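As the structure is a computational prediction, the values presented were derived from the model and not from experiment.
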Amino acid sequence: CRYLIDHKIMKDTATLLLKKHWGYGSLRETQQRAIESIMSGRDTMVIMPTGGGKSLCYQLPALMCEGIVIVVSPLIALMEDQVKTLNRRGIKARYINSTLSREKISQYLNEAIEGKLRLLYITPERIHTESFSSAAEWLNVAFIAIDEAHCISMWGHDFRPSYREVATMREYFPQAPMMALTATATPSVVNDIASSLGFEGRYE
């Protein structure tokens, strides 16, 4: 199995990495549950208030998984800030968005293919670009994190049509589970997110 399913080993490993890279002694219960779910290979829904530590739910397991974690985010400034912070903490991450040159995009995708990155942040508009679709065949993806997942739902407060394309990443990476994260979501928005992403049956 690609995923670490022994919960005691996982918790001990997570605690050590959390202390080393973030300086925290323990996770919140909601963070622990989300990490256990995605590390068991299950599609995972994370609804957590702003400032509640949502990013740790995918950044920390990225250090424990085999393969890279792809993070889809609609906010260029936020992804750039998160990547800078991760690199400062000794965690290799890159972002790909419209601010980069073609040469930089190619460099970062090659780094991802070569296994040099733990996380790769992309905007939803990049999913069907030729550069990303060509690289996808060679990427070893542990799981996909969709930040600001309410943007997927037409009933969400910030619907972005391009976010509907996120579900097609299942075609690129059929074995990779997905983690959808948002700060607030009504039951109808949660159901729409789950349906749009193909969360079939039970998910955490």
J.: So Ile35 and Met64, side chain to side chain contact (heavy atoms under 4.5 Å, CB included) or not? Walk me through it.
T.: CA-CA 10 Å; Ile35 291 171; Met64 298 187 286; 4.1 Å; yes
J.: Could you work out the complete set of other residues in the hydrophobic cluster of Leu75, with links drawn between I, L, V, M, F, W and Y side chains under 4.5 Å apart?
T.: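 Joined to Leu75, directly or through intermediates: Leu78.
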J.: Are any side-chain N or O atoms of Asn87 and backbone N or O atoms of Val83, one a donor and one an acceptor, separated by less than 3.5 Å?
T.: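 Yes, because the side chain of Asn87 sits within donor-acceptor range (under 3.5 Å) of the backbone of Val83.
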J.: Using the side-chain contact (heavy atoms from CB on, under 4.5 Å) definition, which of the options Leu119, Leu139, Ile127 pairs with Ile70?
T.: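 For Ile70, the side-chain contact (heavy atoms from CB on, under 4.5 Å) check succeeds only for Leu139.
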J.: Would you mind reporting whether Pro124 and Glu165 have side-chain heavy atoms less than 4.5 Å apart?
T.: no
J.: Output yes when a side-chain donor or acceptor of Asp147 lies under 3.5 Å from a complementary backbone atom of Pro74, and no otherwise.
T.: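 Here the side-chain-to-backbone pair does not exist.
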J.: For Cys57, which of Leu27, Leu181, Thr30 qualifies under side-chain contact (heavy atoms from CB on, under 4.5 Å)?
T.: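 When side-chain contact (heavy atoms from CB on, under 4.5 Å) is applied between Cys57 and each of Leu27, Leu181, Thr30, only Leu181 qualifies.
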J.: Do Glu103 and Gln107 meet the criterion of a side-chain donor-acceptor pair at a distance under 3.5 Å?
T.: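 Short answer, no.
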J.: Under 3.5 Å, is there a donor-acceptor pair between the side chain of Arg164 and the main chain of Ile152?
T.: yes
J.: Side chain to side chain contact (heavy atoms under 4.5 Å, CB included), that's the test. Do Tyr172 and Val141 meet it? Break it down for me.
T.: CA-CA 10 Å; Tyr172 293 151; Val141 175; over 6 Å; no
J.: What are the two closest non-hydrogen atoms of Leu109 and Ser131, and how far apart are they?
T.: CD1-O, 3.5 Å
J.: Please say whether more than 12 non-hydrogen atoms of neighbouring residues, nucleotides or ligands are located less than 6.0 Å from CD in Glu114.
T.: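 Atom CD in Glu114 is packed in, count exceeds 12.
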J.: May I have the step-by-step check of side chain to side chain contact (heavy atoms under 4.5 Å, CB included) for Lys104 and Tyr95, ending in yes or no?
T.: CA-CA 10 Å; Lys104 277 293 183 185; Tyr95 62 81; over 6 Å; no
J.: Return yes if some donor-acceptor pair links the side-chain N/O of His21 with the main-chain N/O of Arg89 below 3.5 Å, else return no.
T.: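 Side chain of His21 to backbone of Arg89: a pair is present.
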J.: Under a 3.5 Å distance rule, please check whether Gln31 uses its side chain to pair with a backbone N or O of Gly53 as donor and acceptor.
T.: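 Side chain of Gln31 to backbone of Gly53: a pair is present.
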J.: Testing the basics here: between Glu66 and Ala142, what is the closest heavy-atom pair and its distance to 0.1 Å?
T.: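 That would be O-CB, 3.4 Å.
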J.: Donor-acceptor pair, distance only, cut-off 3.5 Å: does the side chain of Ser196 make one with the backbone of Ile193?
T.: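 Absent.
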J.: Could you tell me whether the side chain of Thr85 and the main chain of Asp81 form a donor-acceptor pair under 3.5 Å?
T.: yes
J.: Could you check whether any side-chain N or O of Ser40 sits under 3.5 Å from a backbone N or O of Glu36, counting only pairs where one atom can act as donor and the other as acceptor?
T.: yes
J.: Taking all atoms of both residues into account, what is the closest heavy-atom pair of Arg94 and Lys92, and its distance?
T.: NH2-NZ, 3.5 Å
J.: Is Arg126 reaching over with its side chain to a backbone N or O of Tyr121, donor-acceptor style, under 3.5 angstrom?
T.: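 No, the answer is negative, given that no donor and acceptor are paired below the 3.5 Å cut-off.
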J.: I'd like to know if the side chain of Arg118 and the backbone of Ile91 have a donor-acceptor N/O pair within less than 3.5 Å.
T.: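 Here the side-chain-to-backbone pair does not exist.
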J.: So Leu197 and Ile146, side chain to side chain contact (heavy atoms under 4.5 Å, CB included) or not? Walk me through it.
T.: CA-CA 10 Å; Leu197 294 176; Ile146 301 99; 4.1 Å; yes
